[in-house]
Novice: 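One structure, pasted below without further comment.
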There are 2 protein chains.
Amino acid sequence: MGKNGPTTRIQVKNRNAILDAGLDVFSQFGFRGSTLDQIAETAGLSKPNLLYYFPSKEAIHVELLESLLDTWLDPLRAMNPNGDAISEIKAYVNRKLEMAREFPRESRLFANEILQGAPRISGDLENGLKPLVDEKAKVIREWSAAGKIADVDPYHLIFSIWAMTQHYADFDVQVRTVLANDDPFPGAEAYLNQLFTKLLTP
Amino acid sequence: MGKNGPTTRIQVKNRNAILDAGLDVFSQFGFRGSTLDQIAETAGLSKPNLLYYFPSKEAIHVELLESLLDTWLDPLRAMNPNGDAISEIKAYVNRKLEMAREFPRESRLFANEILQGAPRISGDLENGLKPLVDEKAKVIREWSAAGKIADVDPYHLIFSIWAMTQHYADFDVQVRTVLANDDPFPGAEAYLNQLFTKLLTP
DNA sequence: TTTTTGTTTTACCATTCGGTCAAACAAACG
DNA sequence: CGTTTGTTTGACCGAATGGTAAAACAAAAA
């Protein structure tokens, strides 16, 4: 690619194809388990052609992870301290569940990275995720203190939301095996709404 | 190894060392991301020596997974239909949480395999896990019908238990980052007891 | 002690890996 | 048209991969 001149249509198209292929492959096999040939073939390109757009395997992975973490935190950012406490938390749960349904590959990519010790994004966790969670935990604690929701540990509340929603993406194979291939999401939504209503109602 | 004659002490020791090393490595990098050299070095053996005890990389992985799934399901098997409903379910939660704390490598090995589509144990899920879950779901449904616990979807109840307990093993890095390296388990236990008490009390 | 059985090592092999290079090809522009 | 810029390919490289063969070594049985 010539310097950093204007981005051509071909560049946009191929970079997107590569990132999409990378998401496919990395989310299934993790970083070390994925090969450039696999990504190139999925993207419909030759391996040298792929390396014309990205300098290395790691560069693709990093770009995917960084753009992902941002999107992934959006629903938490959207939690409004001035809104109705229970509705805000339940809306967060539902948005996260929807993301698990719509973007399972992203969820699995993230899960793979964390499972393997987050070697490539531990910095982003520290600088991006942690401060945001701290901020929202404070909001939740204030809601508890004000009697708007039950007294719950805000950190573990957030962990449980992550765990239960992402489970439907990350453990999809297991969930569908147990449910004989039924769509788990309608039932999950009902269950989670019931659970958080009971948990949070003061 | 000569035929299937008596197992020597050296065999027992080395096979255990290999399985332990395999657990270490596979749980961190997944099957494709792990190498025999890595496992051999962790076990303190040479690679050919390792292959004297196991015929292939896959054989180590399969043996780990199969013995794991059994152990993993023990707490669910232990759920007693004739016991006190709420206590039984909460005991299950606590046992699972304890396993996440005591055996995080096993949890991550399993998570890795499921994340990658369970290519090596989809059969065991179908024949081992599913029937057991079906059986226990029936028990839970009867508890609901008898008014002993609130009316909840038994399958999603079980999923949520798996998700929230295993989260502390599988997403350990993330959890500890958010909690500034505090031990998450005491807080997790309190939170989960609170959550399931509120959810299940009719 | 000799022989047998069990264990470990050294040297090796074919394949796949991430990545490079230079040349061929296509598009746009003058 | 010709030239410049951007894109794609085929051939290749060194390192790492899963796995093998055979011989050296150790332990125990005879």
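These values consider heavy atoms only, across backbone and side chains, with no hydrogens, waters or symmetry-generated copies. Since this is a predicted model, take the numbers as computed values, not measurements. Lettering of chains follows the sequences in order, A, B, ..., and the numbering in each one begins at 1.
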Novice: Can you tell me the distance, in whole Å, between the NZ atom of A:Lys13 and the C1' atom of D:dT8?
Specialist: 12 Å

Novice: At less than 4.0 Å, is any side-chain N or O atom of A:Ser46 found next to OP1 or OP2 of D:dT8? Yes or no.
Specialist: no

Novice: Please work out whether the ring planes of A:Phe159 and B:Tyr168 are parallel, tilted or perpendicular, with thresholds of 30° and 60°.
Specialist: perpendicular

Novice: Hey, what are the protein-to-nucleotides 11-20 of chain C N/O distances that come in under 3.5 Å?
Specialist:
residue: C:dG18; atom: OP1; partner: A:Ser34; partner atom: O; Å: 3.1
residue: C:dG18; atom: OP1; partner: A:Leu36; partner atom: N; Å: 3.4
residue: C:dG18; atom: OP1; partner: A:Lys57; partner atom: NZ; Å: 3.0
residue: C:dG18; atom: OP2; partner: A:Leu36; partner atom: N; Å: 2.8
residue: C:dG18; atom: N7; partner: A:Lys47; partner atom: NZ; Å: 2.9
residue: C:dG19; atom: OP2; partner: A:Lys57; partner atom: N; Å: 2.9
residue: C:dG19; atom: O6; partner: A:Lys47; partner atom: NZ; Å: 3.4

Novice: Could you check how far CD1 of A:Ile18 sits from P of D:dT7, rounded to whole Å?
Specialist: 11 Å

Novice: Tell me: CZ of A:Arg15 to P of D:dT7, nearest whole Å?
Specialist: 12 Å

Novice: Looking only at atom types and distance, does a side-chain atom of B:Asp151 sit under 3.5 Å from a main-chain N or O of B:Ser144, one as donor and one as acceptor?
Specialist: no

Novice: If you round to the nearest 0.5 Å, how far is CE of A:Met164 from NE2 of B:His167?
Specialist: 10.5 Å

Novice: Might you work through the side-chain contact (heavy atoms from CB on, under 4.5 Å) test for A:Tyr191 and B:Leu199, ending with a clear yes or no?
Specialist: CA-CA 10 Å; A:Tyr191 175 79; B:Leu199 173 65; 3.4 Å; yes

Novice: Who passes ring-ring contact (aromatic ring centres under 6.0 Å, His included) against B:Phe26, sequence neighbours left out?
Specialist: B:Phe31, B:His61

Novice: Atom CZ of B:Phe29 and atom C1' of D:dG18: how far apart are they, to the nearest Å?
Specialist: 18 Å

Novice: Output yes when at least one side-chain N/O atom of B:Tyr52 is less than 4.0 Å from OP1 or OP2 of C:dT9, else no.
Specialist: no

Novice: Among residues at least two apart in sequence or on other chains, which ones pass side-chain hydrogen bond (donor to acceptor under 3.5 Å, both in side chains) with A:Lys90?
Specialist: A:Thr197

Novice: Could you tell me how far apart A:Asn49 (CG) and C:dC25 (C1') are, to the nearest whole angstrom?
Specialist: 12 Å

Novice: Are any of B:Gln11's side-chain N or O atoms less than 4.0 Å away from OP1 or OP2 of C:dG6?
Specialist: no

Novice: Could you state the atom-to-atom distance from NE2 of B:His61 to P of D:dG19 in whole Å?
Specialist: 13 Å

Novice: Contact class for B:Leu45 vs. all strands (heavy atom < 4.0 Å): base, sugar-phosphate, or nothing?
Specialist: nothing

